[in-house]
Amino acid sequence: MSKKIVIMGGGPGGYEAALVASKYGADITLIEDNGAGGSAIRKDVVPSKSFIAGANIKTDLRRADAMGLNHNLGNAQLALTALNNRVVALAAEQSRDIHAQLDRAGVRVLHGRARFSGEQTGHTTHRVVAELAGGEEERIDCDMVLVCTGASPRVLKGAEPDGQRILNWRQMYDLIEMPTHLIVVGSGVTGAEFVSAFAELGVEVTMVASRDRILPHDDADAADVLETVLEGLGVHLEKDARVDSVENTGDGVVVRTTDGREIRGSHVMMSIGSIPNTADLNLEAAGVETTPSGHIHVDRVSRTNVAGIYAAGDCTDLMPLASVAAQQGRIAVDHALGEGVAPIRLKTVGNAVFTRPEIAAVGVTEQQIRDGEIEADIYKLPLATNARAKMRSLQHGFVKIFARKGSGQVIGGVIVAPTASELIHSITIAVTNNLTVRQLAESMAVYPSLSGSITEAARRLIAHSDLD
């Protein structure tokens with residue numbers, strides 16, 4: 001008899017898990033109210049990166065002017081409605097593609113919301129209630145439950161989004177006219193990405209940061225480069241500013257900080273983090289433990305504290321990345337079905353900030369090395385030395401590699417470049433497979449290419465350390 005699996009949420013963790021489980025002949029029901037792919041595909045990752053890709057066209061046009069194409073291309077205007085329509089269409093198309101995959105795999109997809117029943121059947125079987133879009137309910141008994149219900153934008157009291165001038169990042173695609181002055185509250189990854197995109201589109205942008213720098217959780221050198229680029233685009237940074245309230249004045253907004261500052265603009269985007277979508281799942285009925293923040297605590301094979309109940313994605317207390325969610329989902333199903341699994345290794349997870357230039361990193365951080373947690377050699381190579389970078393008139397960026405002292409094992413790296421999210425993969429492979437910096441240096445990169453700076457940085461690291 002096949003194992004019966006219920007998946008709460010159809011985002012990357014949910015649909016990837018369903019596709020894996022289908023290969024083993026499991027009976028799978030996936031419950032999702034936002035369409036296949038969940039919020040990640042319909043409202044977050046795909047739309048935001050599509051919007052950024054559109055805005056980056058302006059970067060290329062501006063650079064074309066600098067390269068001698070004297071046609072004033074940098075002043076070309078992108079139509080916001082056309083850009084947003086494309087964003088929404090791409091998200092819908094990706095969702096349809098995922099639904100088609102699930103359909104071909106024989107996954108039963110229900111349109112609605114799921115929760116645990118107040119009446120659980122026992123220690124080895126779990127009961128889930130699906131509240132369907134039509135109003136009816138369906139109760140399902142199953143052997144395994146995978147919870148991957150994601151997260152939603154956090155709301156600041158006194159600055160609640162109204163969908164008109166006070167917006168969260170999911171509402172930015174509803175704008176029908178370009179803001180004249182966009183205020184972005186929050187200096188983390190999402191805030192930085194939208195600041196970069198709208199600044200490239202020629203919008204006046206003010207970024208309100210609660211700390212003394214942007215991207216406080218990312219590499220400091222990378223954050224400094226991005227700050228320099230944003231200032232060059234005219235972005236104004238309000239640092240050490242904690243927002244107290246935001247007012248829609250009818251024809252604009254006023255952002256007020258706790259230290260008395262007033263920042264006026266046409267629109268404001270709130271980007272102050274996320275909260276897990278766990279409050280309405282009736283987790284207590286199943287005995288599932290959560291952290292004080294409401295995240296579901298899981299181990300490295302996605303298990304909760306209750307046998308047969310797993311969790312993946314932004315509703316858990318691991319890294320809030322779509323790639324991590326997908327891997328958690330795959331691991332959960334393999335583990336539940338008795339297949340051999342390798343626990344997720346967070347130190348091998350590459351992450352990226354899709355600004356222009358992009359910022360990507362993997363492995364340990366330079367701060368950990370500076371704090372003495374790890375003994376490692378560091379080398380940072382400016383991208384300006386790269387021949388391909390010169391051909392493309394790239395002025396900002398670098399490659400930084402960390403290698404363990406003595407062994408020369410590559411344990412991390414940071415890349416700032418237009419395609420850093422792609423370039424970081426070679427360092428991720430090195431970290432994942434315990435390669436040495438010498439092995440990385442001896443790999444041959446295409447010339448000329450931006451990836452050549454990775455092997456060049458590895459060679460220089462060897463020359464400037466005790467690894468030679």
> Using a strict threshold of under 4.0 Å (side-chain N to carboxylate O), is an ion pair present between Asp27 and Lys3?
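Judged by the 4.0 Å cut-off on N to carboxylate O distance, Lys3 and Asp27 do not form a salt bridge.
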
> Only counting residues at least two apart or in another chain, list the ones meeting salt bridge (charged side-chain N to carboxylate O under 4.0 Å, His left out) with Arg104.
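Arg104 satisfies salt bridge (charged side-chain N to carboxylate O under 4.0 Å, His left out) with no residue once adjacent residues are dropped.
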
> Between Arg356 and Glu358 (salt bridge meaning N to carboxylate O under 4.0 Å), is one present in this structure?
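Salt bridge flag = no for Glu358 with Arg356.
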
> Go through the steps to decide whether Asn85 and Tyr173 satisfy the test side chain to side chain donor-acceptor pair (under 3.5 Å), and finish with yes or no.
CA-CA 8 Å; Asn85 286 342; Tyr173 319 112; over 6 Å; no

> With a 4.0 Å cut-off, would you call Arg256 and Glu247 a salt bridge?
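Here Arg256 pairs with Glu247 in a salt bridge, since their nearest N and O are under 4.0 Å apart.
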
> Charged N to carboxylate O under 4.0 angstrom, Asp280 versus Arg115?
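Salt bridge flag = no for Arg115 with Asp280.
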
> Looking at Arg113 and Glu131, is any side-chain nitrogen of the basic one under 4.0 Å from a carboxylate oxygen of the acidic one?
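Not counted as a salt bridge, because no side-chain N and carboxylate O are separated by less than 4.0 Å.
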
> Is the shortest side-chain N to carboxylate O distance from Arg108 to Glu138 below 4.0 Å?
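Answer for the salt bridge query: yes.
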
> Assess the residue pair Tyr15 and His99 against the criterion (side chain to side chain donor-acceptor pair (under 3.5 Å)); give the C-alpha distance rounded to whole Å, side-chain angles, the decisive distance to 0.1 Å, and a yes or no.
CA-CA 9 Å; Tyr15 76 76; His99 194 282; over 6 Å; no

> Any sub-3.5 Å donor-acceptor pair from Thr291's side-chain atoms to His295's backbone N or O?
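Here the side-chain-to-backbone pair exists.
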
> Quick one: are Ser426 and Ile454 in side-chain contact, heavy atoms under 4.5 Å?
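Yes - at least one pair of side-chain heavy atoms lies under 4.5 Å apart.
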
> Nearest 0.5 Å, what's the CD1-CD1 distance between Ile98 and Ile41?
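One finds 4.0 Å between CD1 of Ile98 and CD1 of Ile41.
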
> Sequence neighbours excluded, which residues qualify as salt bridge (charged side-chain N to carboxylate O under 4.0 Å, His left out) partners of Lys4?
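Per chain and number, Lys4 pairs via salt bridge (charged side-chain N to carboxylate O under 4.0 Å, His left out) with no residue.
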
> Could you tell me whether the side chain of Ile31 reaches within less than 4.5 Å of the side chain of Val128, counting heavy atoms only?
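Side chain of Val128 against side chain of Ile31, heavy atoms only: contact under 4.5 Å found.
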
> For Met172 and Asn84, work out which heavy atoms get closest and say how close.
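Result for this residue pair: O-ND2, 3.5 Å.
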
> Centroid separation under 6.0 Å, is that true for the rings of Phe354 and Phe51?
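No.
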
> Would you mind reporting whether Ile296 and Asp317 have side-chain heavy atoms less than 4.5 Å apart?
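No, every pair of side-chain atoms sits at 4.5 Å or beyond.
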
> Hey, could you give me the OG1/CD1 distance between Thr348 and Ile427, rounded to the nearest 0.5 Å?
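Answer rounded to 0.5 Å: 14.0 Å.
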
> Run the side chain to side chain donor-acceptor pair (under 3.5 Å) test on Gln328 and Ser302 for me, step by step, so that the C-alpha distance in whole Å, both residues' side-chain angles and the decisive distance to 0.1 Å come before the verdict.
CA-CA 6 Å; Gln328 284 181 287; Ser302 307; 4.6 Å; no

> Is the CD atom of Glu422 crowded by more than 12 outside heavy atoms at less than 6.0 Å?
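No, because the 6.0 Å sphere around CD of Glu422 holds 12 heavy atoms or fewer from other groups.
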
> Can you say whether the rings of His126 and Phe116 are parallel (under 30°), tilted (30 to 60°) or perpendicular (over 60°)?
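Rings of His126 and Phe116: perpendicular, over 60°.
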
